[in-house]
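Chain letters run A, B, ... following the sequence lines, proteins first, then strands; residues in each count from 1.
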There are 2 protein chains.
Amino acid sequence: MRPPTIRDVAERAGVSKSLVSLVLRGSDQVRPEKRDAVLRAAQELGYRPNAAARSLSERRTRTVGVLLNDLRNPWFVDLLDGLNSLLHANGLRMMLADARLNRRTGQDPADPLLDLRVDGLVVVGTLPDPAALGDVAGRIPVVMAGSREPAPPGVDVVAGDDERGARLVTEHLIGLGHRRIAHIAGYGAVGGLRRRSFEATMRRHGLADRVVVEPSDMTEEGGYRATVRLLSRPDRPTAVFAVNDIAAIGALSAAGELGLRVPHDLSVAGYDNTSIARLRHVWLTTVDNTSHDVGRRAAHCLLERFEGVGGEGRIQLATPTLEIRGTTAPAP
Amino acid sequence: MRPPTIRDVAERAGVSKSLVSLVLRGSDQVRPEKRDAVLRAAQELGYRPNAAARSLSERRTRTVGVLLNDLRNPWFVDLLDGLNSLLHANGLRMMLADARLNRRTGQDPADPLLDLRVDGLVVVGTLPDPAALGDVAGRIPVVMAGSREPAPPGVDVVAGDDERGARLVTEHLIGLGHRRIAHIAGYGAVGGLRRRSFEATMRRHGLADRVVVEPSDMTEEGGYRATVRLLSRPDRPTAVFAVNDIAAIGALSAAGELGLRVPHDLSVAGYDNTSIARLRHVWLTTVDNTSHDVGRRAAHCLLERFEGVGGEGRIQLATPTLEIRGTTAPAP
DNA sequence: GCCCCTCTTTGGACCGTTCCAGTACCTGTC
DNA sequence: GACAGGTACTGGAACGGTCCAAAGAGGGGC
């Protein structure tokens, strides 16, 4: 009644358990007829290797932990795709954990993954307490993906090039003839980079005195409020570049409520190319982070560290692309 | 350099490994001073139990596998919250797997979870091949959550009461004075239930001849197209009830393009209360599935089955609630 | 002082793998 | 026919825990 073990398979095939182990791990030092006998026996018994026993013996789990900061915001899905493609090709499985779920239970979000002795850790997005990763990084390879927060030593960082993305948007708006361009800023490393790049790009085009920056908390509500403030200024901007899509959605609502048509009276651009930006009802001009690529690079970093390559933490940036949709148009 | 084991702790505390094991599992048959010595030694060494060794010996993993059908559509997040709260309280950890990620690699999406010998399985949403669960259900408890597909024998089903939810929406629209009410239908068990309940409710209110049903593929594009067809009919409906939020978003776009104002000229309602419905820019009237409750009930089912309660598969329905927002108003 | 009983503590078997050091057998060489 | 050198296979010791039977330590009653 218990699941069959390697010994059951061995007995049925008339060989030793060691030989079964050899066959199942694909050794070529086995005579074909024995190999077939073993495979047939395994098949007939419905044998599946016990991962716990294997990792106990091998002293590794062939598993990479993926720590997500918030499942509610699904921008990371493409990133996971990219991660998975490379990890899977290297015989590694992924194990997902939601930092938010475990946070309320009071323990370190990475604990369940560490208990399982994952061979490596990918942190997706911004973590409440990145410093805690320092200890972990001392034991297993750690990569932070999709976030630009300062990483503890020994941790690699892979993310989109926020500076370049913000420049793409700003130059797009300038190219459309906009001069009074406002930025709805966010917080954290990402917020800072996008904002500074916006300002620098404006300066480079001789628009230093037209720079308007309104802070926000990167939520829809925050984007809405910031836009209301912006649009009630005497020198109303003709374009708004929001730090992310969700704040841009708030900007769209504010424009609508104040009777401004988008993009006729006001251009709005976001950042992240979330699924919401792709909705026909929204059709938001935005920046795509090429998350799939970020995921692949993160996997690559991890694989290199498994091979012993590494040293200090590296930073890799993926090149974002501009997605021009329906919310930006020539200045009125 | 290797992580400390139970034997290292034992040596440091000056006791046997068995006693360490007893202490760590919370036995009360241990003298306080020894207990303290053990706990201190464990603390000092930074000992963490090896999950693989433990599950090998205990012959269970204290882990529940959660199979998600598509991370891209984050309606399941509240459900996971509910699941997690109860499972965590019972010393079980959750392990997430994305069926879509593994699908492209060609293997059964539950395979990684089964290799890890999870003690139970929760399937969230609709799976491509539910029949495959039959085999699994023979070995470990399986619960399907948030989907109404027919379940293999021995599998419990916990979901929202789609019949009731669709009735709530339909009666809300009828109560607002609407008579020509159209339904943008979906497919599958959920689509069928919502549609039949819509029709039955219309009949019960003497509106059998006003029933209009337009099929869709439950995407934004599908909702858009269905609505364009509906609105170009001579007897244009004054209200549209879409099978889910995302199709309702498509309906909003279609209405906008055809010059109809929502909710003044056309009321639109969705289903699922996704985060998109909560956006101020959308502010969609919809049905909340009380997913948190669904998750808790699913966890409860699983826990009961662990205790040996069970028998044939049961079906449990959670009571949905109507979220009235800005897209429904009295009939013109 | 001895026996019995309860409360603590311990050694060792076991869980299902991998891995290593052999063993057995075969083939070719001198 | 002895021997070297492969190739193909095997037994047993890990891996790090849990669990159980049994040993040791005290205490009380006679």
Side-chain angles (χ1 to χ4, degrees), chain A residues 1-39 41-42 45-63 91 93 112 114-119 139, chain B residues 1-39 41-42 45-63 91 93 112 114-119 139:
Chain A
M1 198 52 251
R2 300 196 318 210
T5 74
I6 201 172
R7 286 169 223 268
D8 299 325
V9 176
E11 192 176 348
R12 177 159 194 133
V15 299
S16 73
K17 64 173 182 30
S18 303
L19 188 64
V20 175
S21 179
L22 280 176
V23 170
L24 294 179
R25 277 172 307 123
S27 164
D28 54 353
Q29 299 283 72
V30 178
R31 261 207 307 258
E33 62 259 39
K34 296 248 181 184
R35 175 193 311 282
D36 292 347
V38 167
L39 291 178
L45 291 174
Y47 168 78
R48 34 184 358 134
N50 182 321
R54 172 180 306 203
S55 47
L56 185 57
S57 177
E58 270 193 316
R59 328 191 72 231
R60 61 179 185 150
T61 52
R62 297 173 182 276
T63 300
R93 67 169 80 82
L114 297 179
D115 283 350
L116 291 167
R117 295 282 204 276
V118 291
D119 295 336
R139 314 208 136 277
Chain B
M1 199 50 251
R2 300 196 318 209
T5 74
I6 200 173
R7 288 166 223 268
D8 299 324
V9 176
E11 192 176 348
R12 179 162 192 127
V15 298
S16 72
K17 64 177 180 30
S18 302
L19 189 63
V20 175
S21 177
L22 279 176
V23 170
L24 293 179
R25 278 173 307 122
S27 163
D28 53 353
Q29 300 283 74
V30 178
R31 264 209 303 258
E33 62 258 38
K34 296 252 179 183
R35 176 195 310 283
D36 292 347
V38 168
L39 291 177
L45 291 175
Y47 168 77
R48 34 184 359 133
N50 182 319
R54 177 187 305 225
S55 48
L56 185 57
S57 176
E58 271 192 315
R59 329 191 74 229
R60 62 177 184 152
T61 51
R62 295 175 185 275
T63 300
R93 67 170 77 82
L114 296 179
D115 283 349
L116 291 166
R117 294 282 204 275
V118 292
D119 295 336
R139 312 205 138 278

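- A donor-acceptor pair is defined here as one N or O able to donate and one able to accept, closer than 3.5 Å; such a pair exists between the side chain of D8(A) and the backbone of T5(A).
- In this structure, the CD atom of Q29(B) is 14 Å from the C1' atom of dC20(D), given to the nearest Å.
- Here K34(B) contributes atom NZ and L39(B) contributes atom CG; the two are 13.5 Å apart, rounded to the nearest 0.5 Å.
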Would V38(A) and V15(A) satisfy side chain to side chain contact (heavy atoms under 4.5 Å, CB included), going step by step from the backbone distance to the final call? CA-CA 8 Å; V38(A) 167; V15(A) 299; 3.9 Å; yes
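- Straight-line distance from the CG atom of L116(A) to the P atom of dG16(D): 16 Å, rounded to whole Å.
- Between the CG atom of D8(A) and the P atom of dG16(C) there is a distance of 8 Å, rounded to whole Å.
- The residue R25(A) sits close only to the backbone: its heavy atoms come under 4.0 Å of sugar-phosphate atoms, none of a base.
- The closest donor-acceptor contact from the side chain of S57(B) to the backbone of R54(B) lies at 3.5 Å or more, if one exists at all.
- For R7(A), taking side-chain heavy atoms from C-beta onward, the closest of the listed nucleotides dT10(D), dG17(D), dT17(C) is dT17(C).
- Nearest-nucleotide mapping onto DNA chain C: of E58(B) and L22(B), the residue sitting toward the 5' end is L22(B).
- Looking at the side chain of S21(B), the nearest of the listed nucleotides dT18(D), dG11(C), dC15(D) is dT18(D).
- For I6(B), counting side-chain heavy atoms from C-beta on, the closest listed nucleotide (dT10(C), dT10(D), dG17(D)) is dG17(D).
- How far CD of E11(B) is from OG of S16(B): 12.5 Å, rounded to the nearest 0.5 Å.
- For R54(B), counting side-chain heavy atoms from C-beta on, the closest listed nucleotide (dC15(D), dT10(D), dT18(D)) is dT18(D).
- Bending across the helix from dG1(C)-dC30(D) to dC30(C)-dG1(D), expressed as the angle between its end axes from five pairs apiece, amounts to 70° (10° rounding).
- The interatomic distance linking N50(B) (CG) with dT17(C) (P) rounds to 16 Å, in whole Å.
- Taking the side chain of V15(A) as heavy atoms from C-beta on, and the options dT10(D), dG11(C), dT9(C), the nearest nucleotide is dT10(D).
- With R35(B) contributing its side chain and D28(B) its backbone, the two residues share no donor-acceptor pair below 3.5 Å.
- Nearer the 5' end of DNA chain D, as judged by each residue's closest nucleotide, is the contact made by S16(A), out of S16(A) and R48(B).
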Take T61(B) and L116(B), measure what side chain to side chain contact (heavy atoms under 4.5 Å, CB included) needs, and give me the verdict at the end. CA-CA 8 Å; T61(B) 51; L116(B) 291 166; 5.9 Å; no
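- Residue R48(B) holds its CZ atom at 9.5 Å from CZ of R139(A), rounded to the nearest 0.5 Å.
- Spacing between atom CZ of R59(B) and atom P of dA13(C) amounts to 18 Å, rounded to whole angstrom units.
- As judged by a 4.0 angstrom heavy-atom cut-off over every strand, T5(A) is placed among residues touching the sugar-phosphate backbone only.
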Residue pair R93(A), D115(B): steps toward the side chain to side chain contact (heavy atoms under 4.5 Å, CB included) verdict: CA-CA 11 Å; R93(A) 67 169 80 82; D115(B) 283 349; 4.2 Å; yes
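- Between the CZ atom of R60(B) and the P atom of dG16(C) there is a distance of 16 Å, given to the nearest Å.
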What verdict does the side chain to side chain contact (heavy atoms under 4.5 Å, CB included) test give for R59(A) and R117(A), after you've listed the backbone C-alpha separation in whole Å, the side-chain angles of each residue and the deciding distance to 0.1 Å? CA-CA 9 Å; R59(A) 328 191 72 231; R117(A) 295 282 204 276; over 6 Å; no
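- Using a 4.0 Å heavy-atom criterion, one finds that K17(A) contacts the bases of the nucleic acid, with or without backbone contacts as well.
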Please list each protein N or O that sits under 3.5 Å from an N or O in nucleotides 24-28 of chain D, with the distance.
none

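- Nearer to the 5' terminus of DNA chain C, by closest-nucleotide assignment, is the contact made by S18(B) (compared with the other of S18(B) and Y47(A)).
- Atom CG of L19(B) is separated from atom C1' of dT10(C) by 9 Å (rounded to the nearest Å).
- Atom P of nucleotide dT18(C) and atom CG of L24(A) are separated by 7 Å, given to the nearest angstrom.
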